[in-house]
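In what follows, a single structure is set out as structure tokens and then discussed.
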Amino acid sequence: MLQLENVTCERQGRVLFKDLSLTVENGQLLYIEGVNGAGKTTLLRAIAGLHLPTNGTICMNDIKTDSQPAASLLYVGHKSGLNGELSAIENLRFWCNIHNEDTDVDFYEILEILGLVGLEDIPVKQLSAGQTRRVALAKLWLSQADLWVLDEPFTSLDSKGIRLITQKIQSYLAQGFSVVMTSHQPLVDIEPHQTLSLEYQL
């Protein structure tokens with residue numbers, strides 16, 4: 001269970017949001033919406049323990065997220081987080097190593113699911129934006145985390161890719177895990193979820 005209590009975040013001296021309190025239950029998705037600059041990414045980074053809030057606490061199972069073991073939550077930002085000089089396989093193997101995830105998995109099988117057959121050994125910098133995004137999202141098949149924090153996971157994906165990731169999120173929720181995400185794409189067919197709307201603060 002994820003809990004935010006009286007959370008305030010600032011960026012470059014501007015208050016993005018203040019005194020935010022909410023709970024995300026096991027098996028539930030929190031969908032964060034708002035205009036550019038409203039603080040969506042900052043909030044996601046704070047939940048992932050990558051940005052300290054100005055005030056308030058963010059806890060997962062009563063432990064602050066910035067103190068959680070790295071394997072307890074998965075953060076996928078709107079940037080790929082991949083090394084362009086490495087292939088898809090090399091990137092995923094490296095990610096598993098630094099996050100203490102199982103490296104005996106069949107990476108080729110996962111990339112086949114993601115429609116990347118034949119591109120597994122090509123440097124990521126040579127892939128299209130959509131293909132690169134799919135490589136980054138392969139972490140959803142590799143992670144054993146209890147919480148996914150996803151910043152615009154559908155960016156650069158075609159309709160087939162969006163359906164695939166949506167189904168993966170649904171399956172993850174059905175196992176009793178939780179998801180926090182933003183998206184410019186309409187959120188459909190994912191239940192249960194709650195919506196948080198952030199407003200731009202002048």
Side-chain angles (χ1 to χ4, degrees), residues 2 24-36 38 40-41 43-45 47-48 71 73-82 84 87-93 95-96 99 101-102 105-198:
L2 178 68
V24 182
E25 302 287 349
N26 295 336
Q28 188 177 55
L29 180 145
L30 172 65
Y31 173 63
I32 303 171
E33 62 180 11
V35 298
N36 292 338
K40 301 187 298 297
T41 293
L43 177 55
L44 289 186
R45 288 178 58 82
I47 290 172
L73 61 85
L74 169 66
Y75 174 73
V76 179
H78 57 84
K79 295 184 178 180
S80 71
L82 304 172
S87 69
I89 294 291
E90 291 169 335
N91 268 285
L92 296 179
R93 184 174 289 115
W95 183 85
C96 286
H99 288 85
E101 298 287 358
D102 184 8
V105 298
D106 189 337
F107 295 108
Y108 289 94
E109 180 179 351
I110 294 172
L111 293 176
E112 181 178 8
I113 293 172
L114 289 163
L116 295 170
V117 173
L119 303 174
E120 306 94 333
D121 301 314
I122 296 176
V124 165
K125 66 181 181 181
Q126 297 181 19
L127 302 180
S128 70
Q131 291 165 344
T132 300
R133 192 60 175 164
R134 289 175 186 238
V135 175
L137 290 168
K139 298 168 188 175
L140 302 183
W141 278 259
L142 297 168
S143 173
Q144 302 298 313
D146 296 328
L147 171 68
W148 288 350
V149 182
L150 310 177
D151 194 355
E152 301 290 347
F154 302 138
T155 297
S156 301
L157 296 182
D158 56 19
S159 58
K160 182 178 179 180
I162 291 173
R163 286 195 302 271
L164 180 65
I165 301 305
T166 297
Q167 291 168 359
K168 187 62 178 177
I169 292 172
Q170 289 173 317
S171 173
Y172 182 71
L173 293 171
Q175 296 175 62
F177 301 115
S178 303
V179 177
V180 179
M181 64 175 283
T182 65
S183 176
H184 288 302
Q185 300 283 346
L187 189 66
V188 296
D189 300 329
I190 301 181
E191 295 292 348
H193 78 264
Q194 60 174 309
T195 299
L196 170 66
S197 297
L198 295 180

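Values below: all heavy atoms of this structure, side chains included; hydrogens, waters and symmetry mates excluded. This chain uses plain numbering: 1 for the first residue, then up along the sequence.
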Which pair of heavy atoms, one from A88 and one from L111, lies closest together, and at what distance?
CB-CD1, 3.9 Å
How far does CD of Q194 sit from OH of Y31, to the nearest 0.5 angstrom?
13.5 Å
Do F107 and R93 have side-chain heavy atoms sitting under 4.5 Å apart?
yes
Rounded distance (nearest 0.5 Å) linking atom NE2 of H78 with atom OG1 of T155:
9.0 Å
What heavy-atom pair brings L140 and W148 nearest, and what distance separates the two atoms?
O-CZ2, 3.4 Å
For A145 and Y172 the tightest heavy-atom approach is O-OH, 2.7 Å
Apply side chain to side chain contact (heavy atoms under 4.5 Å, CB included) to L150 and I165, showing your working.
CA-CA 11 Å; L150 310 177; I165 301 305; 5.6 Å; no
Do the non-hydrogen side-chain atoms of L137 and L157 ever get within less than 4.5 Å of each other?
yes
At what distance, to the nearest 0.5 angstrom, does CE of M181 lie from CD1 of I47?
13.0 Å
Does CD belonging to E112 count more than 12 external heavy atoms closer than 6.0 Å?
no
So how far is it from S171 OG to W141 CH2, rounded to the nearest 0.5 Å?
9.5 Å
Taking all non-hydrogen atoms of both residues, which atom of T182 and which atom of L44 are closest, and how far apart?
CG2-CD1, 3.7 Å
Only one of V179, L196, L2 forms a side chain to side chain contact (heavy atoms under 4.5 Å, CB included) with V24, so which one is it?
L2
Within a strict 4.5 Å, meaning less than it, do heavy atoms of the L114 and R133 side chains meet?
no
Which distance, rounded to the nearest 0.5 Å, do you find between the CD1 of I122 and the CD1 of I89?
12.0 Å
To check you understand the geometry: which heavy-atom pair defines the closest contact between L142 and E101, and what is its length?
O-OE1, 3.5 Å
Under the salt bridge (Lys or Arg N to Asp or Glu O under 4.0 Å) definition, can you give me all pairs with a residue in residues 151-168, not counting sequence neighbours?
R134-D158
Would you say Y75 and R45 make side-chain contact, with heavy atoms under 4.5 Å?
yes
Stepwise, does the side chain to side chain contact (heavy atoms under 4.5 Å, CB included) test hold for F177 with L73?
CA-CA 10 Å; F177 301 115; L73 61 85; over 6 Å; no
Please check if any side-chain donor atom of S197 sits under 3.5 Å from a side-chain acceptor atom of E33, or the reverse.
yes
Nearest heavy-atom neighbours spanning T132 and L82
O-CD1, 3.7 Å
Between CG on residue D146 and CD on residue Q175, distance to nearest 0.5 Å:
10.5 Å
